[in-house]
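Counting starts at 1 for both ligands and their atoms, following the listed order. Along the sequence shown, the residues carry numbers beginning at 1.
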Amino acid sequence: MRRLLVTGGAGFIGSNFVHHVIDNTDLHVTVLDKLTYAGNLRSLDGLPGDRFAFVQGDIADAALVDSLFGDADAVVHYAAESHNDNSLHDPRPFLDTNIVGTYTLLEAARRHGTRFHHISTDEVYGDLELDDPARFTETTPYNPSSPYSSTKAGSDLLVRAWVRSFGVQATISNCSNNYGPYQHVEKFIPRQITNVIRGIRPKLYGAGENVRDWIHADDHSSAVLTILERGRIGETYLIGADGERSNKEVVELILEEMGQPRDAYDHVTDRAGHDLRYAIDSTKLRTELGWMPAYSDFESGLGATIAWYRDHEDWWAPAKDETEAFYASKGQ
Ligand code: NAD
Ligand code: TDX
């Protein structure tokens, strides 16, 4: 395996993966990305021209995808519409990219016999009660709640069907909530950090009791590389780093780390159908493939992420006002 095609590589997790691959392997990487509002070429600044190439285009463009698969030994598929709140406002792009786009890639993988890794989310499993001792495993039944998570669930099922029916050489990973550099300011942690920098009070949906299981994006990248190298074809692997925190705890940590009173936030209108809790049991990935997260301390990873946003206002400022205006129009 020498040449990787990475879809969605100008987005948050995809760009972190590309940097991780360039820094830790000798692979060549081509990114295919449509550069929607969520894609940012600046996230790929500084990559070596002899090992990295960028192609702007849509994963649902069958002719373009076919030409790129011809040059790839393996494909890692990150491209998606990724924000739950947007999917409640306008679901259509989620169907076009997450379902039809994934179908288009799978057909190319089938034609070319290309190794394919599909990136997905723990949200396909629905949510857990706060006091449920169980966590999601690879055998938890699918039960998605939002237009976003239902299209991700649909894309996972397409991958499974293409493996079984057509022998496509694919693996799937379902990861918990990521944090780290290059995350769009629409998402929870960057929104609150950049609010504090701008003198705006952080916004907590509802009571803020909802729990997310946080993992640093670089740990997600090392897990995906591990699965690409050693994962068993047809298998699903859950990726998580035992990082459960309530949203209220996270906002308080951000405020404290940024020198503000811990209660200097507002409660705003809750998200419709808001999942209560996600929690990942990543035993299979750890025991079968020997993967371990490097960021075991969420507080220090969060501190480094705050520092990154303080140092990179030129990266996030262009999207900030429009994002806040959209939230304000919804009372959030
Ligand atoms: P993101 O929104 O930051 O980035 C998505 C990227 O895909 C953008 O660069 C965008 O331009 C590109 N894109 C969108 N539609 C496209 C299309 N039709 N053709 C080509 N490119 C297109 O998303 P993210 O947070 O980096 O998520 C990446 C993947 O990881 C998604 O599949 C998501 O479901 C999954 N995931 C995300 C998280 C998380 O916490 N953010 C957790 C688990 C899984
Ligand atoms: O301003 C906010 N206030 C708030 O309380 C925002 C933007 C969010 N929230 C809450 C909603 C969630 O409980 O914070 C939590 C995290 O919200 P998001 O960042 O929107 O993430 P989430 O909906 O949990 O989904 C994320 O993780 C799983 C990614 O966006 C998905 O792509 C991934 O599949």
Distance to 0.1 Å, residue and atom name: give those for the protein heavy atom nearest to [atom].
atom: atom 19 (N) of ligand 1; answer: I59 N, 3.0 Å
atom: atom 21 (O) of ligand 2; answer: N177 ND2, 3.6 Å
atom: atom 34 (O) of ligand 1; answer: Y148 OH, 2.6 Å
atom: atom 42 (C) of ligand 1; answer: S176 O, 3.3 Å
atom: atom 2 (O) of ligand 1; answer: S82 OG, 2.6 Å
atom: atom 36 (N) of ligand 1; answer: I13 CD1, 3.9 Å
atom: atom 20 (O) of ligand 2; answer: R271 NH2, 2.8 Å
atom: atom 13 (O) of ligand 2; answer: H274 NE2, 2.6 Å
atom: atom 17 (O) of ligand 2; answer: F188 CB, 3.7 Å

Any heavy atom of [X] closer to ligand 1 than 4.0 angstrom?
X: D33; answer: yes
X: A10; answer: yes
X: S120; answer: yes
X: C175; answer: yes
X: G57; answer: yes
X: P93; answer: no
X: H184; answer: no

Salt bridge flag under 4.0 Å for residues [X] and [Y]:
X: D314; Y: R42; result: yes
X: R277; Y: E244; result: yes
X: R245; Y: E299; result: yes
X: K284; Y: E235; result: yes
X: R191; Y: E324; result: yes
X: E249; Y: R212; result: no

Donor + acceptor pair across side chains of [X], [Y] (<3.5 Å):
X: H274; Y: N210; value: yes
X: D213; Y: S176; value: no
X: D218; Y: H19; value: no
X: D85; Y: Y205; value: yes

How does R191 reach ligand 2, if at all, at less than 4.0 Å between non-hydrogen atoms: by side chain, backbone, both, or neither? side chain
So F166 and W162, would you call those rings parallel, tilted or perpendicular, with 30° and 60° as cut-offs? perpendicular
Check whether any side-chain heavy atom of Q192 sits under 4.5 Å from a side-chain heavy atom of L253, and report yes or no. no
Among H83, Q332, E123, E81, whose heavy atom sits nearest atom 22 (P) of ligand 2? E123
Does the N or O separation between [X] and ligand 2 drop below 3.5 Å for any pair?
X: D275; answer: no
X: W214; answer: no
X: Y278; answer: no

Please verify whether a non-hydrogen atom of E186 lies at under 4.0 Å from ligand 2. yes
Distance under 4.0 Å to a non-hydrogen atom of T121: what atoms of ligand 2 satisfy this? 28 (C), 33 (C), 34 (O)
